[in-house]
Amino acid sequence: MKVTVEVGGGLEMIFGGKRSQVVAFTGGSMQALLEYIAKEVVEDQSKLDVFILDGNVRPGILVLINDSDWELEGELEYEVQDGDHVLFTSTLHGG
Amino acid sequence: MKVTVEVGGGLEMIFGGKRSQVVAFTGGSMQALLEYIAKEVVEDQSKLDVFILDGNVRPGILVLINDSDWELEGELEYEVQDGDHVLFTSTLHGG
Amino acid sequence: MKDLTLDEYQYYGRQMLVPEFGKSGQVKLKNSTVAIIGAGGLGCPCGLYLGCAGVGTLKIVDFDTVDTSNLHRQIAHTEIGANKAESLAKAIKQRNANVRALPYPVPFAADNASQLLEDVDLVLDCTDSPAIRYLINDICYAKQLPLISAAALRSEGQLSILCYPGGPCYRCLFPHMPAVSQSCSDNGILGPVVGVMGVMQAAEALKFLALGPPQEVSMLIFSLFSPVPWRRIKMKGKRPDCINCGENGPDATKLATYYANVCDTYPVL
Amino acid sequence: MKDLTLDEYQYYGRQMLVPEFGKSGQVKLKNSTVAIIGAGGLGCPCGLYLGCAGVGTLKIVDFDTVDTSNLHRQIAHTEIGANKAESLAKAIKQRNANVRALPYPVPFAADNASQLLEDVDLVLDCTDSPAIRYLINDICYAKQLPLISAAALRSEGQLSILCYPGGPCYRCLFPHMPAVSQSCSDNGILGPVVGVMGVMQAAEALKFLALGPPQEVSMLIFSLFSPVPWRRIKMKGKRPDCINCGENGPDATKLATYYANVCDTYPVL
Ligand SMILES: [Zn+2]
Ligand SMILES: [Zn+2]
């Protein structure tokens, strides 16, 4: 299946500056998608910990599935669908 | 099926001021949806001609299906899907 | 509520023509007091647009002074070294003598926060620091003041509406304070990016004052270099275990730990 | 291209920290000339943000003078009766002495349009009239000048990027000139609504100058009272039968009919 993975809030730096890309995912839960992204999509593996901590998304990073907070969708248990848009971004504090 | 009908650019005035509403549509093409909206959803029938002219949307009104110009989707022949978002709005010129 | 003067009819005529807003919206604006915390990249456009739109009283809080490196985005300021709250208040008065723009050239801090927000109807968080953002939130919840919070960094922005009756607080949406904070000074910001967030904040404030709180809990996110620059995200509402507004009320111990770590003192309510 | 001065490094430092923009974006801005047609509700914030962001030369065209009923939304102006182009240019110079803001207090019309756009890299349509919008478009296409067009009315706005190589023109997107035009003066406008569109126009201009044209043909639409305030709409690209930029080139007869009906004269190219 095809999933659009978008990143922002500074996370794009470990994705080689790419803000949005379509990835080929074999299917499964968000847990599986996270593992896939961490292993296959993140380009700067040395800084993986700004994104993933202890197998989950680092606290403070927002995960948005099809324009909804993933807490509304089941978080790690959400079953990823073909065509989904998943966005990882940080809370901003500047002004 | 349920279709979200959103209007803007002044058209909301003939829809009783409602900008967005979910309507129960029996299904069919955009042509059929237009007829349904003109008959069942427009509240001020006396001004229907600001919206519909000769069985089609009045020239100058933009029709957007799921965030795409309807010219990309087949216009009147587009087969409406359950859950579609259809937006009718006017071109604006103010500044 | 005070009615409009003849001058105000002339000044605000174009706004009152907008059906959803109308004269009733304009009168509500005139009789409202809005606090703008921070007169920087967000506060400048937000304050200018709300002052010109006719919010009766604006309280503007900022201790900082204008630096050359601010000017590219803080468009109300014209004089290096001026206090930012005073500079923004002056810019508003120059444009609209019908409103009161009151500068408070002090730091917004735990010991004066509650007092600064006396008699306020709506609070706008235009600050640049996570610690102050949580402080503003906790005070707004305690005083039952609605809060519109905007933020911007580099090419991105976020906006959410909080603390209205039944709505979530900032801690509900963002329970985790970041380990490392990123400021515009250290990490950069494009002028029109923070500008568009500040004007959106003014637009949402105007909508809130005229028509009341939103129907759904959501967050607007903006990213200039994303293929889809604006997204409206559905968010979870109040968090039952929120240490501030949760089911068991404010958790004094956890909040005290928080304030002991990030602020000098616990807020005076 | 001219490099940055020491003063400019200090002034624009925060923008150059943004990775996608960087020093190269800032240098491109400095070496660019942008025309802003209209110094009203869109032109004021757009001009202020672009001037402060460091666009080297801004040509500002507006014949109109400031009226009391403009002030709620035209936030660069402070003096009733002043020419709007001169007032906006002055406001930019007050904030950023590093850029040139050149006022043209004349009507943008068919007989001077081409001349006003000499040596320009990007055109911003900030006008309030459909006839002038089509005129600006036709001149931009003829002179191969990219065009960012924004518009606002009541609580809504629209923005599109046009006339770049391979991109559509305004007539491709909107082939039908409206029978009845609606202006902000007659139909109302909320200040922050037109404000947010003007700042978005500045943001898109900055992105265009630094990074070039968009990859996809789209339109941004804004509606303050809609449940989803911002939408990015995918649009059809160039229209093969466009009377301006279509496969057979400009259709002189049809354009002449158009200009005979809505303008005094045919544009001088
Ligand atoms: Zn809470
Ligand atoms: Zn064309």
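We name chains A, B, ... by the order of the sequence lines, and we start the count at 1 in each one.
Here the side chains of Y170(D) and L135(D) are not in contact, with every heavy-atom distance at 4.5 Å or above. Looking at M30(B) and V86(B), their side chains come closer than 4.5 Å, going by heavy atoms from C-beta outward.
Taken to the nearest 0.5 Å, the CD atom of E204(D) stands 11.0 Å off from the CG atom of L124(D).
Close approach to chain B, defined as a heavy atom under 4.5 Å from one of its heavy atoms, is seen in G40(D), G41(D), L42(D) of residues 34-45 of chain D, taken by number.
Ranked by heavy-atom pairs under 4.5 Å with chain B, the first of A152(D), C126(D), C184(D) is A152(D). Options L64(B), D67(B), L62(B) differ in how many heavy-atom pairs under 4.5 Å they form with chain D, and the most are formed by D67(B). The choice from S20(B), G10(B), G60(B), P59(B) that makes the most heavy-atom pairs within less than 4.5 Å of chain D is P59(B).
When heavy atoms are compared at a cutoff of 4.5 Å, I61(B) does not approach chain D at all. With a threshold of 4.5 angstrom between heavy atoms, F225(D) approaches chain B through its backbone and through its side chain. For chain B, no part of S218(D) is nearby; none of its heavy atoms comes within less than 4.5 Å. Both the backbone and the side chain of S68(B) come within contact range of chain D, with heavy atoms under 4.5 Å apart. In this structure, the portion of S90(B) lying under 4.5 Å from any heavy atom of chain D is its backbone and not its side chain. The contact between R232(D) and chain B is made entirely by backbone atoms, counting heavy-atom distances below 4.5 Å. Only the side chain of M219(D) comes within less than 4.5 Å of a heavy atom of chain B; its backbone N, CA, C and O stay farther away.
Contact check on K236(D) versus D69(B) returns no salt bridge, with no Lys/Arg side-chain nitrogen under 4.0 Å from an Asp/Glu carboxylate oxygen.
In the displayed structure, K238(D) atom NZ is contacted under 6.0 Å by more than 12 heavy atoms of other residues, nucleotides or ligands.
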